[in-house]
Amino acid sequence: MTQAQTASLVHYFADKQPLVADIFSRYPNSPQGKRSALMPLLREVQDAEGFVHESRLAEIAALCGTTPTEVRSVMSFYSTYHTLPTGKYHLQVCSTLMCALSGSDELWDYLVETLDVQPGEVTPDGYFSLQKVECLGSCGTAPVMQLNDEGYYESVTRARCDHLLQAMRLGSALAVDHHPVPVVVAEDGRQYLSSGEAAGGSTDALYPLPHQAAANGNPS
Amino acid sequence: MKVHVDGISLDLPAGTSAIDAVFQAGKDVPYFCAHPYLSPVGACRMCLIESGSPRKNPDGSFIMEGEGDAATPKIFWFPKPMAACTMMATEGMQIKTAATSEIVAKSQAGMMEFTLLNHPLDCPTCDKGGACELQDRAFEYGYGASRFGFDRRHAEKHYPLSDYVILDQERCIHCKRCVRYFEEVPGQEVLDFIERGSHTFIDTAEGGLPVGFQGNITDICPVGALLDNVARFRGRNWEYDHTHTTCTLCPVGCSITVDARNGSLERIVAGENREVNEAWICDAGRFGHVFASENRLTTPMIRNEDGELVAATWDQAVDAIRAGMAGLDAHDLAIFLNADSTLEEGIAAEAFVGLTGLASVDYWPRQATYGTDAPTLTEIAQSDGVVVLGADLGEEAPILELRILEMLRGGILPAEFHHGTAIADLRLVERPARKREKLAVISSKPSRLSEQAGFSAQMDAATALAGLTGSSDNAAVSAAANLLKTAERPILVLGAEALASLSGAARSALQTLTQRTKTRILALPAGANARGLASLNLVPRSGGLRYDQLSQARVALISRLNPLAEGQSRPRFLISHDTHLTATALQADVILPAVTNYEKRGITVNLEGRLLPLRPAALKNGEAADFIRALSIVAEALEIKTSIRGIRSAQNLLSERLGVNVAELPIHGLIAPLGMRYDAPAAPYTPLLWKEGMKRSDPVYHAGMIELPMASTPTFVAGDD
């Protein structure tokens, strides 16, 4: 969708009253509570349009009873919200230390060269856009690249990158990696892997270390 | 509540912040983000102190230290320095500042190092240089050297936030004062931090700042990040002659400091007057000063045989007046003066009129008045129900608007200490809850204030007044009437529109209403000193001419008014006393150069009835003189000996009449009874704050201003994309 097209659709939420009501129902019915709905509304627009156009800021601001400045302020805190159109495949390369040591800079340069896009641009076919992001938290499998909100491709070497891009160019991205990393923490403190398999022990099995127990008895 | 600062014991009221405790003790602590009229947030981390409090045992007794009678409550120190502006001082608290604590001194120096990490050291070229808190505090509390040897981060310089305010993003230290100001004071959330994190900058998504009160952020910016575009690059702080005086563009009478350089008025900054404008002034007051130094009349002028205006001496002006008035006498003279003239000028006019017995005297703008017991601005801020009727406060009295908004936030007025207003009043909060149902605004046009009101309606003042005093089927009007009825301290503000429609019947109905509901009325005066001049007999006597009947006069002396531009025709002989060659002055027979209110000494009376002093700034004005001088020139031509010849005799007469020594009025003013009011029918009047000449017109001057490439769609990039 081009910016001009987006701007011409004046109100995104105009025909989505139930959705808006649902989002607002999650927060207290007060001016402060209404402002809390800012993030899910932004997410909603971004999921639908790939980015949040300026005119949407004003719309969301009006819904939440705040100003576009505040919406922009909140939104700009997160690198996961986009103010410019993104491609069908928005590739986010982790550029923090561990990935940098494992060659994320080279990966980035390779992507910029082969796709011929800079941050903020989309390839002419509308498929690709690029972004550098801060730590994606998968240092053990660096360099890491995130595809949209779907998940990670890990240990992305030049060959793997070519393979992934090729698949995307053909119109279907390869499945993202599901490494056995803990992703869910249950109420009892037990962690589960993304596959649903329980990981590690529960907090029931934890006990204070002897020297800490001793220290707790003597606060000074 | 006993608090100890660096070993000095203080007795402080509960709720005092630690920073105020330090200042009350006469000690110092640096700060950037705290501001007396804004909520404390602890953003800059400069006001670090060491603090500790006694702690109690479960049985309520203090945990003691020492043996027997020498035992004292044990002080439990916080493990690290604390920001004093957000911490409340508590009973028995011990506070150590940099003067006594190595840790505090080191922390503050380290914090300063961080603040200066990316702050450009362009002090020699920064317009804030010489008035920059960062500069001063770095000198007092910094290391004097930095361990960060790398290049500073660069951001956009000269980034225009509006026509009047330029942002230098590099210099911003993220104290958030401007963001909090817009949010908390005028209630317009137009500024915020964008891209929070290491690249945070201040910006707006609204495409500019709202005109009204935006200039205040240039005052409160502790560094040179936000600068006044009208005054920018026109002088250094130490080159200015600072004159603390009173603004006379509207009847509020804000405290201002006039900064002049080489006889030219370059800058106006807000002065603090807790009772009147707190620390804020409106944009017209701040930026609309250019007329005082542009194209001034500096000598008298007379019309020669060819009908051209030529420069003349005062003696020639006297001769010209004498010649022009040959065959006429003082009774043929009409005197019209501006309603922002000082009380001294007014009383001189009154004395002149009394002496000559002339009937045509008037001041403009003048309108019907109502009531004598006007509430003060502080009382309005602390009221629990305000109705604004037929007024556009943005044009008539902008700062009153801020005081009404203060009422919506609960009317919390910061406490006062030895060092002045509390620096960090902990009762002030970010994003304060506003009780909008305490305000009703009814006017024929929507205004800025009506957007903030709980009840607002658009209707003409006469209908609204009738609805308010009788009954109305308009929801907002009946809500307003109910507000006056149920509030304990209700206040009704009447603007020009309402006062113009105050006919006999409406007036008595209003009287009944105010008596029944104990409502206090603030009738906005039409001019800066209209309230003061109303206490002098300066209205047309029987058979005399009003200002709008000027055309019928044989001879008129007009001071700083421009009736010919308003469609009136000139009298037979016209004497103009003005600062500029206005349309009226251009057609005058004799022009006497006038001083602006920035160059006058005298008294003005604001809408509360507060006497406020005007002090003369050092401006280049040639032979310009005040109205007292103009009157004595006319008197000389008429061979009359006036009793008031100068400011001193006028002040003696005023002091006698008011029972106040007006020559030594405190800068913050004084409320004194003004005595009876003189009233007469007046022409309808539409208030206008920004007048001709208040914006830079001279192309050379204009070139000095940064022109705004204010895109309709601002460039807009966030995140990393």
Side-chain angles (χ1 to χ4, degrees), chain A residues 3-4 7 30-32 34-35 38 42 46 50-61 64-87 90-96 108 117-122 129-134 146 219-220, chain B residues 55 63 65 74 76-77 79 161-162 167 174 176 178-183 186-210 214 217 408-409 429-437 451-452 454 711-721:
Chain A
Q3 289 207 18
S30 65
Q32 286 78 2
K34 272 185 95 175
R35 281 216 307 271
L38 204 154
L42 279 172
Q46 169 146 327
F51 75 112
V52 185
H53 186 260
E54 216 176 310
S55 62
R56 301 284 179 247
L57 291 193
E59 194 189 337
I60 292 172
C64 298
T66 176
T67 55
T69 303
E70 197 199 359
V71 181
R72 187 181 161 199
S73 163
V74 171
M75 185 175 123
S76 63
F77 180 76
Y78 300 93
S79 63
T80 45
Y81 292 122
H82 310 303
T83 55
L84 296 171
T86 51
H90 185 60
L91 304 177
Q92 298 141 73
V93 179
C94 174
S95 58
T96 311
W108 174 261
V117 280
Q118 290 291 333
E121 296 174 352
V122 182
S129 54
L130 285 181
Q131 184 182 358
K132 269 189 187 176
V133 292
E134 295 304 323
Q146 184 180 335
S220 66
Chain B
R55 215 181 273 170
I63 298 175
E65 201 172 29
K74 183 177 175 182
F76 289 82
W77 292 90
L161 284 178
S162 78
L167 167 66
H174 309 151
K176 218 182 171 199
C178 54
V179 175
R180 280 179 289 149
Y181 164 77
F182 267 113
E183 213 167 79
Q188 304 159 323
E189 295 175 46
V190 291
L191 277 185
D192 212 335
F193 284 154
I194 308 293
E195 297 202 24
R196 298 180 200 201
S198 61
H199 292 274
T200 302
F201 60 94
I202 295 284
D203 201 2
T204 171
E206 257 76 19
L209 302 178
Q214 55 167 274
I217 59 173
L408 298 186
R409 306 194 301 269
V429 292
E430 264 194 288
R431 295 187 183 285
R434 292 183 168 85
K435 294 207 174 90
R436 297 189 199 279
E437 67 279 3
E451 288 162 23
Q452 306 264 3
S712 53
T713 48
T715 46
F716 169 72
V717 173
D720 284 330
D721 46 28

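Every value quoted in this text rests on a predicted model; they were computed, and no experiment measured them. By convention in this document, chain letters (A, B, ...) are assigned in the order of the sequence lines, proteins followed by strands, and residues within each chain are numbered from 1.
Here the CG-CZ distance, from B:Asp192 to A:Arg72, works out to 10.0 Å after rounding to the nearest 0.5 Å. The distance from atom CG of B:Leu191 to atom CD of A:Glu70, rounded to the nearest 0.5 Å, is 12.5 Å.
In this structure, the side chains of A:Ser76 and B:Arg196 stay at 4.5 Å or more apart for every pair of heavy atoms. In this structure the side chain of B:Glu206 reaches within 4.5 angstrom of the side chain of A:Thr67, judged on heavy atoms.
The main-chain N or O of B:Ala205 is found under 3.5 Å from a side-chain atom of A:Thr69 such that the two form a donor-acceptor pair.
Neither the backbone nor the side chain of A:Ser129 comes within less than 4.5 Å of any heavy atom of chain B.
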